[in-house]
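For ligands, and for the atoms within them, numbers begin at 1 and follow the listed sequence.
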Amino acid sequence: MRMVDLIQKKRDGFSLTKKEIDFIVGGFTGGAIPDYQMSAFLMAVYFQGMDMQENTYLTMAMVNSGDIMDLSGIQGIKVDKHSTGGVGDKTSLIVGPLAAAAGVPVAKISGRGLGHTGGTIDKLESIEGFHVELSREEFVEQVNRYKIAIVSQTGNLTPADKKLYALRDVTATVNSIPLIASSIMSKKIASGADAIVLDVKVGSGAFMKTLPDARKLAKTMVQISKGLNKKTIAIITDMCQPLGYEVGNANEVKEAIEVLNGRGEAGLVKVCLTVAAHMTVAGGIYADFKRAYNALAEMLSGGEAMYKFEQFIRAQGGRAAVVNNPDLLPQAQNNMEVKSDAAGYVQSIAADAVGTAAMLLGAGRKIKDEQIDNAAGISLKRKVGDEVRPGDVLAVLHSNRTINPQISQMLSQSFVIGPRRPEEVPVVYDVIE
Ligand code: URA
């Protein structure tokens, strides 16, 4: 088999066989297929797409490129949750403890942020002492004991995805539905859960900018999992503005604590309850979504979810006192207000620009392995639909670096203000089972 023939076959719109896809993924992961040929192949997939069968072969080839987590030592139906990535997306910090408080074993492997989107592991590391690495035995024991553990990816899970993602990032091939679907599903399948709830984001801060594209990605992932006998549900949620009010690592932990104390912003609470409710139904705890949603809402207001969050932080070595005193989280030395110079109503907030501004303040990485500032971030003071007058504070920037006025300008430009209150858009668009 020759890679050049397979590139040509895909370029001309033909479907590849399992043997051919295994050859490509194995050859690239092992180093026999060079980056320039793989780049050409990725671009061919970008333009020609893949059928369901090819997409499933690609997913499994990526799963089989490394180890598969053995979570058989964990009692109960293990349910994982994955977001396709957004700005201010702290849902894992909330739905993890919430689903665990209801009795679902949450054995979660999370990532770090890159570019304008954040990552759960960076957020957890803003809690002093929190360990994001556990041995497999510790991980299994903690989930059996407390129903929740969240760790960073270690070892040799899906090395093909790691290598492919880095290449996609520099060849303008990230935004491809079959490539995103295989990337996400391969990691979820390799991390060993019995059921998966996907939070597919749509809007300016997401990879999928339109609802039809988000639906297509959601359906593709659900169908891949169906072919592999893994129960998967995809929920399409809004990312036309940052989720909640806080963006940045310590900031987002602070807001998660607010939600777990029953005081969260309505849209964020709705997304979290929807995701967690589907997790508990998939985990066999509740018979139906409505019952699950209502019971979980009571766990938020009753403090059970917060108690679980505190237990989880302590179990992984973190300073659990932060739940009662969020001021113990890292605080930035420099804080700059961004004010409105217009009157009207907020029409939109470009989530990708807010994410990029937060990254430039130090909350994220421009390049892999860059040191981040846990205290850096943005507190939004106005959201879409709110009224503003000239001089009102739209947002506060936080950083331990000197704040470049260009970042303030970028933030100010991310707000579109118009004369009439915009129509409300849903925070949850659709659920695909
Ligand atoms: N998240 C992933 O894990 N992979 C992608 O390709 C896109 C988002």
Side-chain angles (χ1 to χ4, degrees), residues 25 28-29 38-39 41-43 45-46 49-50 54-56 58-63 65-66 69 80-92 108-123 150-154 156-193 196-210 213-222 224-225 230 232 234-237 239 243 275 351-352 355-356 359 364-365 368:
V25 174
F28 177 63
T29 312
M38 198 62 191
S39 303
F41 176 73
L42 292 171
M43 196 55 86
V45 173
Y46 184 93
M50 279 187 152
E54 286 179 289
N55 221 165
T56 306
L58 177 62
T59 306
M60 282 318 292
M62 287 162 72
V63 171
S65 70
M69 283 277 273
D80 201 350
K81 169 263 166 197
H82 189 88
S83 158
T84 56
V87 178
D89 184 4
K90 67 280 293 174
T91 49
S92 291
K108 186 158 172 46
I109 297 172
S110 284
R112 295 185 183 278
L114 186 63
H116 76 275
T117 62
T120 301
I121 290 300
D122 292 328
K123 292 168 203 181
I150 303 181
V151 293
S152 73
Q153 185 173 328
T154 50
N156 193 34
L157 286 191
T158 57
D161 177 60
K162 222 178 271 175
K163 219 173 152 190
L164 269 172
Y165 196 91
L167 191 59
R168 287 166 58 204
D169 206 23
V170 293
T171 53
T173 51
V174 169
N175 264 5
S176 148
I177 289 174
L179 296 178
I180 295 176
S182 284
S183 164
I184 290 177
M185 293 313 292
S186 63
K187 284 188 289 246
K188 292 295 103 181
I189 290 163
S191 45
I196 302 158
V197 176
L198 299 165
D199 181 2
V200 178
K201 301 285 185 200
V202 59
S204 59
F207 287 120
M208 296 296 110
K209 307 292 180 198
T210 67
D213 276 351
R215 279 213 175 92
K216 196 167 168 199
L217 174 61
K219 283 186 180 157
T220 304
M221 292 193 288
V222 168
I224 289 174
S225 67
K230 261 284 168 202
T232 298
I235 304 161
I236 301 176
T237 67
M239 191 37 70
L243 191 57
V275 172
D352 45 357
T356 303
M359 177 191 73
R365 301 176 184 81
K368 205 169 158 278

Pairwise, report which nitrogen or oxygen atoms of ligand 1 are under 3.5 angstrom from protein nitrogen or oxygen atoms, and how far apart they are.
| residue | atom | partner | partner atom | Å |
| --- | --- | --- | --- | --- |
| ligand 1 | 3 (O) | Lys187 | NZ | 2.5 |
| ligand 1 | 4 (N) | Ser183 | OG | 2.7 |
| ligand 1 | 6 (O) | Arg168 | NH1 | 3.0 |
| ligand 1 | 6 (O) | Arg168 | NH2 | 2.9 |
| ligand 1 | 6 (O) | Ser183 | OG | 3.4 |

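- Thr158 and Lys162 form no side-chain donor-acceptor contact under 3.5 Å, judged by distance and modelled atom types alone.
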Show which side-chain atoms of residues 84-91 pair as donor or acceptor with protein atoms under 3.5 Å away, not counting sequence neighbours.
| residue | atom | partner | partner atom | Å |
| --- | --- | --- | --- | --- |
| Thr84 | OG1 | Lys201 | N | 2.9 |
| Asp89 | OD1 | Thr91 | N | 3.3 |
| Asp89 | OD1 | Thr91 | OG1 | 2.8 |
| Asp89 | OD2 | Ser83 | OG | 2.7 |
| Lys90 | NZ | Gly88 | O | 2.7 |
| Lys90 | NZ | Leu243 | O | 2.7 |
| Lys90 | NZ | Glu246 | O | 2.8 |
| Lys90 | NZ | Glu255 | OE1 | 2.7 |
| Thr91 | OG1 | Lys81 | NZ | 3.0 |

Run the numbers on Val174 and Leu179 for side-chain contact (heavy atoms from CB on, under 4.5 Å), then give the verdict.
-> CA-CA 7 Å; Val174 169; Leu179 296 178; over 6 Å; no
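- Within the 4.5 Å cutoff, the side chain of Leu58 has no heavy atoms near those of the Pro178 side chain.
- Contact record, Met38 with Leu167: CB-CD2, 3.7 Å, taken as the closest heavy-atom pair.
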Give the intermediate values and the outcome of side-chain contact (heavy atoms from CB on, under 4.5 Å) for residues Met185 and Leu198.
-> CA-CA 10 Å; Met185 293 313 292; Leu198 299 165; 4.0 Å; yes
